Structures are given as structure tokens and as C-alpha cells.
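To start, the structure itself, in C-alpha cells.
Along the sequence shown, residues carry numbers from 1. Just so it is clear, the structure is predicted and the values come from calculations on it, not from any experiment.
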Amino acid sequence: MVKVTKNRKEVLSKVDLQKNYDIGDAVDTLKETTKAKFEESIDMALILGVDARKSDQMVRGSVVMPHGTGKTQRIAVLTKGDNIEVAKNAEADLVGDEDLREQISKGVIEFDVLIATPDVMPSLAKLGQILGPRGLMPNPKSGTVTTDVAKTVDNLKKGQVFFRGDKNGIIHCSIARINFSNEAIKENLETLISEIKRLKPSTSKGMYLKRLILSTTMGIGLRIDMSSLTI
């Protein structure tokens, strides 16, 4: 039998796990029930009506959050030629070509996002086994393979997030910090879901946005009434 802690019992007494919460009420409840001693993230789980086994129903992309995410990301740029200086001027945290690839090949990953220009992508193929499992392999669909290095770095610094449906058709993504205002959390969430909605696969039938759950890093998930969102 799983033991329920005192803190969890207290949280459970304040929530209704079967209720579809208005977004404002949900955020208030998450803030009231947070127990962690650190500043938690607010995380989204969006269940999609897609068949994730089919490649043409894979949903992935990126979007710049209007209020950022509250997280600082270490950005690496793999490129060559003039773009090396462009990336440095854009204040990327790590910039390189052969030296960066050698570092990655040794399993030294000192970044959270890797951007690459198309001209270096062939050289990244052999690093797929290292980058792939970590979700760090650059991909044109997510915007991390780009010819506009400066803009991409700038977007990431402003709070761009990447999302991808898992094998069950669920998108997990951090959208804010618990200390964000309710309105900022709502606007970030609406921006993200609107982009996911725009990317609906043409072959997906029936209800696309099936269920939305918000939680804090250490907290309980609350179902959200999507009619309370402007999407």
C-alpha cells in the first residue's frame, strides 16, 4: 500500500480531482497548495486526439511565450563561417564547430538547447545517439535548424519553448513559474495551446484537444475547463 503523506492529504482535502477547473480557479488552487521549498514550475499536460504511432500525426513545434518561462536556458550554436561571429554577437552561451562536436561526442553536454545551421547538419548524424535521447537533436520542425541564428537565439532568450507529443499523444511542457501573475500564466498557456491547435494534423479525426491538466513541479494535477481559455 502506498503511504499518503500528511502534506499530500492536506492538498487532497482542498482539491477535487474530478472537477474541470476554470483556469483562474485552477491557478489560485495550485498557488495555495504548493508545499515545495523552492520556486516550482507550472507544467501542462495536453492530451491530444491523435494516433501517435503514425508519423503524419506527430505534433511538434515551438512558440515564444509572451511572458517567458522564468527559466534561463543555456544556448549552444553549432555552425561555421560568418555565423560563428553572428552567434557570439547574439550572446549564445556556447558557439563552435568541430570543437563543439568533439565535446558532445565525449558526452559533455553544457547546454539546454542546441541550434545548428543547415551546413553542419551532416556532421551531426553520428552524434544522434547522444543528442537524441536527451531531446537535443536540432530539427527544422522545431526551429532549431536555422539560417537565421541571431533571431533564433533571441527568441530562446525571450522564452521560446519546444514541444512534442509523446508516444501516447500527450504534450508535456513547462509554461511558467508559480510566482507569475494569474494573467501571465493564462496568456502563456493560451499562446502555447493556440499554436498546438494550429498544428493539428489533417489526418487527425474527432476531438483534437481532449484534456488539459495543470500541475506544479511537486503538486497534484488539476483538470482545466478549456472553455475558460481564449484559444
Excluding sequence neighbours, so at least two apart, what forms side chain to side chain contact (heavy atoms under 4.5 Å, CB included) with S204? V50, Q57, K200, P201, Y208
Under 4.5 Å side-chain linkage, directly or through intermediates, the cluster mates of V64: none
Partner residues of S215 under the side-chain hydrogen bond (donor to acceptor under 3.5 Å, both in side chains) criterion, sequence neighbours left out: none
All pairs passing side-chain hydrogen bond (donor to acceptor under 3.5 Å, both in side chains) where residues 122-140 contributes a residue, at least two apart: R101-S123
Results of side-chain hydrogen bond (donor to acceptor under 3.5 Å, both in side chains) for K106 - residues two or more places apart only: E102
Residues forming a side chain to side chain contact (heavy atoms under 4.5 Å, CB included) with E187, sequence neighbours excluded: P66, H67, E183
Salt bridge (Lys or Arg N to Asp or Glu O under 4.0 Å) partners for D25, two or more places apart: none
For D28, what residues pass the salt bridge (Lys or Arg N to Asp or Glu O under 4.0 Å) criterion, not counting sequence neighbours? none
Once side-chain hydrogen bond (donor to acceptor under 3.5 Å, both in side chains) is applied, do any residues pair with E91, and if so which ones, sequence neighbours excluded? none
Donor-acceptor list for residues 75-90 side chains, cut-off 3.5 Å, not counting sequence neighbours:
{"residue": "T79", "atom": "OG1", "partner": "T117", "partner atom": "OG1", "Å": "2.8"}
{"residue": "N89", "atom": "ND2", "partner": "E85", "partner atom": "O", "Å": "3.3"}

If the condition is side chain to side chain contact (heavy atoms under 4.5 Å, CB included), which residues does S41 pass it with, not counting sequence neighbours? D43, K71, S174, R177, T217
Who are the side-chain hydrogen bond (donor to acceptor under 3.5 Å, both in side chains) partners of E98, not counting sequence neighbours? none
